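Here's the structure, in structure tokens; my notes come after.
Positions are given from 1 along the sequence. Side-chain atoms are counted along with the backbone in the values below, which use heavy atoms only and exclude waters and symmetry mates. All values reported here derive from a predicted model rather than from experimental measurement.
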Amino acid sequence: MQATASFSKLFLSRLLHQYPAALDREGISGKRVAQRLAELSRIGLTNKQGSNRMSFSDEERAAKELIKIWMKEAGLSIYEDGAGNVFGMLYGKDQSQSIMSGSHVDSVPNGGHFDGPLGVLAALEVAQAWKETGYVPETNYEVVIFTDEEGARFNGGLTGSRAMAGEVDMAKQVKLTDYNGTPFEEVLKQHGLSLKNFSESKRSLDKIKAYVEVHIEQGKQLEERNLSTGVVTGIAGPSWLTITFKGDAGHAGNTPMIGRKDPLVAAGEFVLRLKDIPGQISSSGVATVGKLEVSPNGVNVIPGQVKLTADIRDIDMELKDRIVEKARELITEIEEKHGIKINVQETLNVTPVKLSDTMQKIAAESTAYVTGKEAFHLPSGAGHDAMVMGRYVPTAMLFTNSKDGVSHNPKEWSSLEHCVETIHVLKHMLEKIDQSDRSELE
């Protein structure tokens, strides 16, 4: 506990160091943002000073409950749906529609402290600023915390936003098990949720006027240009293939090399050759194997099974599909070559999303207004809840400068100055959207 408090104190001190007080204006407080980031950093803090808040975990729940307290301080009415998505509502003059902004608070194992929380706290800071300045929006404003954006628990992801959009295939969802082998339905029960309520989380998205999400860049383009904020043009859609290689386990010393059916050798060849496939098809495609499980995982045992997940992405759906097909062809070739059985299960397939030109224009104008610099446009190679929302609702994303482009890592860092500048851009954007009709934002 003492180490956690010490880290949080140092984290806060680093955020506030050389922060320009002139950015505290129009109800926005950099110190408040910093204090809240620091408080969240304590929840799920790892011994490597990273964040470990798995979806549907006690840590994710604790983070949500803490933010609910801050939502109440901002005068928001709070409700939660069957997927565990949390909403803080600021009622506007016309309550038939809502503008929505937010992100997530779950993390990858030993991740950073900005990926997700910054977007939630940015959206909340706008609500707090409006309360302090007396601004009453024309339409309702909702701060949202989406559940399970990262997908680290079930090898899926974007679960909360997909549930809200009605995109979840429940027949497939109930078959999912987490890293402990616990079925999805049981995980829900352990955290006060039910399969029935989860399946009823769909909302009428035509009632949402627009969605805006703030996120760290997860790249170096803004840093290289010395910019705090960037305007996202589109979001690459990930496909996740869970691939199980099944061979014959045996003693490492007594089993001759000839005739072995070693699934780890086969999996190793797949990992090695997968990296060359995207470049044969697309300049924007990528493929990654970041998770691999060997069973029984003994030093002197030929494995009997290897399970890995391939993450394949592109900003173009057709090109992404071609990369996936090439990966499947490689799997068939390896299966025949090594004489083993390989099972492939697609656990996620998200269509890439091009964001609204009008929303991009508003984001660019707001960025130029706040920062005094011409807006820089860039694509997102990572998936976000905004890609789900962007299929149904006028959607925009703002990226915040991230030091060295590091993400999903304890070294993840964005300066408070850059964070607060982006929050000012968000506030300016939301006020312009608030004065527009939905039809004008498409």
Side-chain angles (χ1 to χ4, degrees), residues 108-109 150-158 162 169 171-179 181 184 236-250 252 255-298 301-352 381-383 408:
V108 299
E150 296 289 4
R153 184 158 193 168
F154 295 100
N155 290 331
L158 308 175
R162 288 190 299 119
D169 184 333
K172 290 182 178 179
Q173 194 72 21
V174 296
K175 294 178 182 178
L176 297 180
T177 57
D178 70 3
Y179 42 75
F184 179 73
S239 285
W240 287 7
L241 302 179
T242 297
I243 308 165
T244 305
F245 299 75
K246 295 183 178 181
D248 293 339
T255 308
M257 296 303 295
I258 297 175
R260 287 189 181 191
K261 294 184 178 181
D262 188 333
L264 185 54
V265 173
E269 181 175 348
F270 174 78
V271 173
L272 179 65
R273 295 176 61 184
L274 177 67
K275 67 178 176 58
D276 297 323
I277 292 177
Q280 299 168 7
I281 296 169
S282 166
S283 61
S284 54
V286 294
T288 306
V289 174
K291 183 176 183 180
L292 188 146
E293 302 168 4
V294 180
S295 178
N297 204 30
V301 182
I302 301 168
Q305 177 176 295
V306 174
K307 190 175 184 179
L308 59 80
T309 300
D311 179 318
I312 297 170
R313 305 180 184 224
D314 205 307
I315 58 175
D316 183 286
M317 187 66 181
E318 181 182 349
L319 295 177
K320 185 185 76 166
D321 286 345
R322 287 173 57 191
I323 296 171
V324 170
E325 184 57 33
K326 274 286 188 182
R328 287 182 178 273
E329 290 174 5
L330 174 59
I331 290 167
T332 300
E333 178 188 333
I334 291 173
E335 185 176 42
E336 294 173 354
K337 176 180 177 181
H338 292 271
I340 64 171
K341 296 293 183 182
I342 304 179
N343 175 264
V344 182
Q345 181 185 12
E346 186 177 70
T347 57
L348 182 70
N349 187 355
V350 181
T351 304
H408 286 186

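- With respect to Glu333 and Lys337, no salt bridge is recorded, no charged nitrogen being found less than 4.0 Å from a carboxylate O.
- No donor-acceptor distance shorter than 3.5 angstrom exists from the side chain of Arg162 to the backbone of Asp169, with no hydrogens or angles considered.
- The line from CD1 of Ile340 to NZ of Lys261 is 9.5 Å long, rounded to the nearest 0.5 Å.
- Considering only heavy atoms from C-beta on, Asn155 comes within 4.5 Å of Lys291 through its side chain.
- Among all heavy-atom pairs drawn from Ala152 and Tyr179, the shortest one is O-CD2, 4.3 Å.
- The number of heavy atoms from other shown groups lying within 6.0 Å of CD1 (Ile315) does not exceed 12.
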**OP:** Evaluate side chain to side chain contact (heavy atoms under 4.5 Å, CB included) for Lys175 paired with Gln345, printing each intermediate quantity in order.
**Re:** CA-CA 12 Å; Lys175 294 178 182 178; Gln345 181 185 12; 5.7 Å; no

Subject >> Test side chain to side chain contact (heavy atoms under 4.5 Å, CB included) applied to Ile243 and Arg328, step by step >> reply: CA-CA 10 Å; Ile243 308 165; Arg328 287 182 178 273; over 6 Å; no

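- Residues Asp248 and Ile302 fail the side-chain proximity criterion, which asks for heavy atoms closer than 4.5 Å.
- A distance of 4.0 Å separates CG in Asn349 from NZ in Lys320, rounded to the nearest 0.5 Å.
- With values rounded to the nearest 0.5 angstrom, Ile331 atom CD1 is found 13.5 Å from Lys326 atom NZ.
- Between Leu308 and Phe270 there is a side-chain heavy-atom pair separated by less than 4.5 Å.
- The minimum heavy-atom distance linking Val324 with Ser239 is given by the pair CG2-CB, 3.9 Å.
- Looking at Pro238 and Leu348, their side chains come closer than 4.5 Å, going by heavy atoms from C-beta outward.
- The shortest side-chain heavy-atom distance between Thr288 and Arg313 does not fall under the 4.5 Å cut-off.
- In this structure, CD1 in Ile281 is found 9.0 Å from CG in Asp314, a value given to the nearest 0.5 Å.
- The distance from the NZ atom of Lys246 to the NZ atom of Lys307 is 9.5 Å, given to the nearest 0.5 Å.
- Within the 4.5 Å cutoff, the side chain of Pro303 has heavy atoms near those of the Asp262 side chain.
- Looking at Gln305 and Pro263, their side chains never come closer than 4.5 Å, going by heavy atoms from C-beta outward.
- In this structure, the separation between NZ on Lys172 and CG on Leu176 is 10.0 Å, given to the nearest 0.5 Å.
- When all heavy atoms of Ala252 and Arg260 are compared, the closest pair comes out as O-NH2, 3.1 Å.
- Using the six-membered ring where Trp is involved, Phe154 and Phe184 have ring planes that are perpendicular, over 60° apart on the 30 and 60° scheme.
- Open room surrounds CD on Glu318; 12 or fewer heavy atoms of other groups in view lie less than 6.0 Å from it.
- Across all non-hydrogen atoms, the minimal contact from Gly304 to Pro296 is N-CD, 4.0 Å.
- In this structure, Gly285 and Ile323 approach most closely via the heavy-atom pair CA-CD1, 4.0 Å.
- Across all non-hydrogen atoms, the minimal contact from Val294 to Leu264 is CG2-CD1, 4.0 Å.
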